[in-house]
Amino acid sequence: MRSYRTLFRTPEFTPFLLSFAAHAAAQTIGGLALGTLVFRATGSPLLSAVSMFGPQLAQLLGATFLLSGADRLPPRAILSSLALVFAAGTAVLALPGLPVAAVFAVVMAQGLIASLGGGVRAGLLNEILPKDGYVLGRSVFNMLWGLMQVAGFATGGALLALLPPRTCLLLAAALYVLSALGTRLGLTARLPRSAGRPSVSATWHTNALLWSSRPRRLTYLGLWIPNGLVVGCDSLFVSYAPGAAGTLFACGALGMFVGDVTVGRLVPPAVRPRLAVPLRLLLAAPYLFFVLQPGVAVAAVATAVASVGYGASLVLQERLMSLTPDHLAGQALGLHFVGMSTLQGVGASLAGTVAQLTSPATAMTLLAAASVTVTLTLAALGRHEEGQSAAPGTHPGALPEPAATDTPRRGARREGAQ
């Protein structure tokens, strides 16, 4: 599958994409409004960064307890329910006089349940599309996420100039409700991909199985760490340029859109694997120039160029899927999204701490240098891995055959009324 026309002719893809668009818009507008609200209330770059990205730290706990549900629960019901929970939580954040401690309690709870949503959504995409359409479909989702960020941050910045942050949070809550309706009405009810009940033991067992392969471990680390450190740079936009944070976020989203179009549609499949390292280096390198404390115009260009490097995630996700059997696709991708979100939360917290002690520009430069170092180290380890021949008759990173209780269930079979 190489054309967008074929992609959008695939049943359920378009309504799935539109429901995600509403979710992305809600998350973008709500995140900017919340970060602005916290910064105005506290004047702290650390608390502002953590309010926007810190909830992703809670996803690590969710991955420990909930992630087996990505393949063992009906996807339509879970996605629509999660959107409604996010709507309720965002509405609570808009309550006047809510203490900062209560704000963080709510957003951490949202982060906890969000750990399940990423795996369910990614696994469902892998089920809706044929295997050769996953990268193209994922790139469209990433491009839409970029467009929603451009529109959301631009709109959010304009709304915040006219309306209180709490009003913008209520708008975000309404968008979450719209996402829930789109999921419920636009998608076919499906049975879970794997049999059995979600449990802590099932989550731990499968996570350990996924982590047991060195090629998969290196792929996960490449997806998580460089990305997380650069998101730490992004989390300081509000404190680096309080009056132009929406512009910087929008330029970053535009660069991400360009990267996803290039990698997903224009780069031949045979060439994609060779771009993982260059794209990850591009992701961090422009932030090294923030040591010079550039003005908003130069900073916006640097952010846009750097964000093209987020296209590396498509390359590495494709590799991850090549190392993972279909019936564990949801949990494998869910583990990726949780790990990525957790490292983004770590990056934001680290960036906020360093900025509190030094300056936002210094913190962004240091995190970018760390990202470059990690990318080069993982590249060296990957070359060493490729130099070792796989055992005869095996595929690097292959998982053992599932037990009878893990038999995959695929297809658009109807589940009971919800």
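Keep in mind that what you see is a predicted model, and the values were worked out from it rather than measured.
Considering all non-hydrogen atoms of both residues, Ala379 and Val277 come closest at CB-CG2, 3.7 Å. Nearest approach of Cys168 to Ala33, heavy atoms of both residues: CB-CB, 3.7 Å. Here the shortest heavy-atom pairing between Leu367 and Gly347 reads CD2-O, 3.6 Å. The two residues Phe290 and Pro286 come nearest to each other via the heavy atoms CD1-O, 3.9 Å. Nearest heavy-atom pair, Thr219 versus Leu316, reported as atom, atom and distance to 0.1 Å: CG2-O, 3.4 Å. Scanning both residues, Arg76 and Ala189, for their nearest heavy atoms gives NH2-CB, 3.5 Å.
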Would you list the atom pairs, donor with acceptor, under 3.5 Å between side chains in residues 81-90 and any protein atom, with sequence neighbours excluded?
| residue | atom | partner | partner atom | Å |
| --- | --- | --- | --- | --- |
| Ser81 | OG | Ala77 | O | 2.8 |
| Thr90 | OG1 | Phe86 | O | 2.8 |
| Thr90 | OG1 | Gln110 | NE2 | 3.4 |

Distance-only check: which donor-acceptor pairs under 3.5 Å involve side-chain atoms of residues 222-230, not counting sequence neighbours?
| residue | atom | partner | partner atom | Å |
| --- | --- | --- | --- | --- |
| Trp224 | NE1 | His336 | O | 2.9 |
| Asn227 | OD1 | Gln344 | NE2 | 2.8 |

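A donor-acceptor pair under 3.5 Å links the side-chain atoms of Ser322 to the main chain of Arg319, judged by distance alone. Using a distance-only test at 3.5 Å, with no hydrogens or angles considered, a donor-acceptor pair links the side chain of Ser179 to the main chain of Ser19. At least one donor-acceptor pair closer than 3.5 Å links the side chain of Ser307 to the backbone N or O of Gly252.
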Self-check item: Chi angles and distances behind the side-chain contact (heavy atoms from CB on, under 4.5 Å) call for Arg280, Leu378
Solution: CA-CA 11 Å; Arg280 279 179 286 167; Leu378 291 175; 4.1 Å; yes
Practice problem: Go through Leu170 and Arg166 one step at a time and tell me if the side-chain contact (heavy atoms from CB on, under 4.5 Å) criterion holds. | Solution: CA-CA 6 Å; Leu170 291 176; Arg166 289 187 175 86; 6.0 Å; no
Exercise. Decide yes or no on side-chain contact (heavy atoms from CB on, under 4.5 Å) for Leu320 and Tyr220, but give the supporting numbers first.
Key: CA-CA 8 Å; Leu320 179 62; Tyr220 275 128; 3.8 Å; yes
Exercise. Could you give me the CA-CA distance, side-chain angles and deciding distance for Leu124 and Leu187, then say whether side-chain contact (heavy atoms from CB on, under 4.5 Å) is met?
Key: CA-CA 10 Å; Leu124 182 56; Leu187 298 182; 3.8 Å; yes
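The closest side-chain heavy-atom distance from Val231 to Met340 is not below 4.5 Å. When side chains are defined from C-beta on, Leu376 counts as touching Leu281, because their heavy atoms get closer than 4.5 Å. For the pair Leu93 and Leu37, the minimum side-chain heavy-atom distance is 4.5 Å or more. Between Glu12 and Arg190, the closest side-chain pair of non-hydrogen atoms falls below 4.5 Å. Side-chain atoms of Phe8 and Leu17, non-hydrogen and from C-beta on, do get closer than 4.5 Å to each other. Looking only at side-chain heavy atoms (C-beta outward), Phe13 and Leu125 come within less than 4.5 Å of each other. Under the 4.5 Å side-chain criterion, counting only non-hydrogen atoms from C-beta, Thr262 is not in contact with Val308. Residues Met364 and Phe237 are in side-chain contact: their nearest non-hydrogen atoms beyond the backbone lie under 4.5 Å apart.
For the atom pair CD1 (Ile78) and OG1 (Thr183), the distance works out to 12.0 Å, reported to the nearest 0.5 Å. Atom-to-atom distance recorded for Leu279:CG and Arg272:CZ is 12.0 Å, nearest 0.5 angstrom. The distance from atom CG of Leu210 to atom CG of Leu323, rounded to the nearest 0.5 Å, is 10.5 Å. Atom-to-atom distance recorded for Leu129:CG and Glu127:CD is 10.5 Å, nearest 0.5 angstrom. Annotation: the span from Asp260 atom CG to Met256 atom CE amounts to 7.0 Å, rounded to 0.5 Å. Taken from OG1 in Thr36 to CG in Leu159, the straight-line distance is 11.5 Å, to the nearest 0.5 Å.
Environment of CZ in Phe289: sparse, with no more than 12 heavy atoms of neighbouring residues, nucleotides or ligands closer than 6.0 Å.
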